Amino acid sequence: MSLLYDNLGVQNGHLTFCGYDTAALAQQHGTPLMLLDEQRIRNRCRAYLQAMSQYLPEGSHPMYASKALSIKRIYEIMAEEGMGVDVVSRGELYTAVKAGFPMERACFHGNSKTDEDILFAMEHGIGSFVCDGMDELAAVNTLAAGKGIRQKVLLRLAPGIDPHTHEKISTGRIDCKFGTAIETGQAEEFVRSALTMENIDMAGYHCHIGSQIFEAEPFYDAVRLMLQFVALMGEKYGYYPRELDIGGGMGVPYTKADEAIDYGENIRAIGECDQNVCRELNLQPPAIVMEPGRSIVADAGMTLYHVTAIKEIPGFKNYVAVNGGMADNPRYALYNAEYTVLAADRMEDKTDFLCTVAGCCCESGDLLQEDVCLPKMRRGDLLAVLTTGAYNYSMASNYNRIPRPPIVVIGENGPYTAVRRESLDDLLKCDT
Ligand code: LLP
């Protein structure tokens, strides 16, 4: 049987993950259980680092977008691999600090930073800010002056690109809440202001067009539009950026219907496009920064659940309920996101039972996936949902006072717990 990823296998009818029997892991750690393949994460970092240094201008580098998965262990791995990181809140920043991440390699994102956020980041020696608009830029300048520093910033621009992804995860369009639009002339004003601010060291421009993008064209469009803007600002104001950050967004296959992405090849093609456009516009190529999130961690993750109930509604549909759901993975409820679901302890059984996998929250929209073919399910069976490394734990909630699952990482020397399971008392720790 061909499975979605090469870290999966089948042994004695059980699904294996990095060579470990998922039924044994579920028994040892309980369910719901999130698993992560550390080597896969490291390999993906290396693929980005290698391709970016080979195909992109000198100084180009990846910064892991830690909103995809923000736990101490991931920042340690990123530090060891030589990655930068992007953080979007004081909470992510603090997690990175506590993990000992070198903060000069971190940048602070987000469209709505308070003065406290900005100061907190400065006090922890953040490398750079990605300023979303004029209000934030002015605040960073004032607060940097108060500290007697010149703060490195990138200006976030909205290039006006529609990348054909889910509307809620497309972020580069003009009418979106992020960035300052090029087309309206506001981006030019943004640059002019930044150039007059004494405590701002404007390193360059940033854009992010969206997430789960499979085609290369939207990235070419972004590179071209941003470089055209570079050329225009260069002509008008003599300002040429050192860095051009083109954000994250490369997709990950969640089902066999998705095509696999060769990240190195994509980076090579983006590099070629960058070179051609720079040549056309007679520009010295700035360093390129990329911010992959999903493509670093998504396919290194898997979640295991136990089946609690089967409900067959004759003439309508079949439900298989599990002991987790939208509280640990809200992505189907939010985006109708596709996942591959496998009967982890019955991998050799015939999959002729068409069903909807439902979660345990008191909410009819709490589904993990619809129209899945599984063996005829029984209470106590084990289900695996693949590709849950990104935007699952980081988007998990305690809705219905459900404790978050643990994260067990399969490392070089075997499995270890990176995040323990929340206890019932953890749920009460802020109640006075
Ligand atoms: N950089 C910026 C500025 C971003 O806003 C994002 C994602 C990334 C990088 C990383 O993008 P990635 O490589 O992961 O596609 N919760 C949604 C995804 C939201 C992404 C938001 N920004 C989901 O579950 O699909």
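We count ligands from 1, going down the list as the structure has it; atoms in each ligand are counted the same way. Please read all numbers here as calculations on a predicted model, not as lab measurements.
Using a 4.0 Å cutoff on heavy atoms, P292 counts as a contact of ligand 1. Heavy-atom separations between G249 and ligand 1 include at least one value shorter than 4.0 Å.
Atoms of ligand 1 found under 4.0 Å from any heavy atom of G293, numbered from 1 in the order shown, are 12 (P), 13 (O), 14 (O). Every atom of ligand 1 is numbered from 1 in the order shown, and the set under 4.0 Å from a heavy atom of M395 is 16 (N), 24 (O).
Contacts of Y263 classified as side-chain hydrogen bond (donor to acceptor under 3.5 Å, both in side chains), with partners at least two apart in sequence or in another chain: none.
The ring of H109 has its center closer than 6.0 angstrom to the ring center of H206. Proximity of the aromatic rings of Y339 and Y332 is defined here by a centroid distance below 6.0 angstrom, and this criterion is not met.
Looking at Y391 next to ligand 1, an N or O pair under 3.5 Å apart turns up. Not one N or O of H109 is nearer than 3.5 Å to an N or O of ligand 1, by distance alone. Residue S211 places at least one N or O, backbone or side chain, under 3.5 Å from an N or O of ligand 1. Considering both main-chain and side-chain atoms, R156 never comes within under 3.5 Å of ligand 1 through any nitrogen or oxygen pair.
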### Query
Checking side-chain contact (heavy atoms from CB on, under 4.5 Å) for the pair L137/L155: CA distance, chi angles, key distance, verdict?
CA-CA 8 Å; L137 182 66; L155 304 187; 4.0 Å; yes
### Worked verdict on E243 versus Y205 for side chain to side chain donor-acceptor pair (under 3.5 Å)
CA-CA 7 Å; E243 286 179 20; Y205 307 134; over 6 Å; no
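The CG atom of N400 lies 5.0 Å from the SG atom of C362; values are rounded to the nearest 0.5 Å.
The side chain of D86, and not its backbone, has at least one atom closer than 4.0 Å to an atom of ligand 1 (non-hydrogen atoms only; side chain from C-beta on). Contacts between R294 and ligand 1 below 4.0 angstrom, taking non-hydrogen atoms only, involve backbone and side chain alike. Under 4.0 angstrom from ligand 1, the non-hydrogen atoms of H208 all belong to its side chain. Contacts between F178 and ligand 1, counted as non-hydrogen atom pairs separated by less than 4.0 Å, are absent for every part of the residue.
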Donor-acceptor pairs under 3.5 angstrom involving side-chain atoms of residues 119-132: please list them, not counting sequence neighbours.
from, atom 1, to, atom 2, distance (Å)
H124, ND1, F120, O, 2.9
D132, OD1, G179, N, 2.9
D132, OD2, G179, N, 3.2

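Counted by atom type alone, Y75 and S70 present one or more donor-acceptor pairs between their side chains at under 3.5 Å.
Atom 23 (C) of ligand 1 has its nearest heavy-atom neighbour, among R331, K67, M63, in R331.
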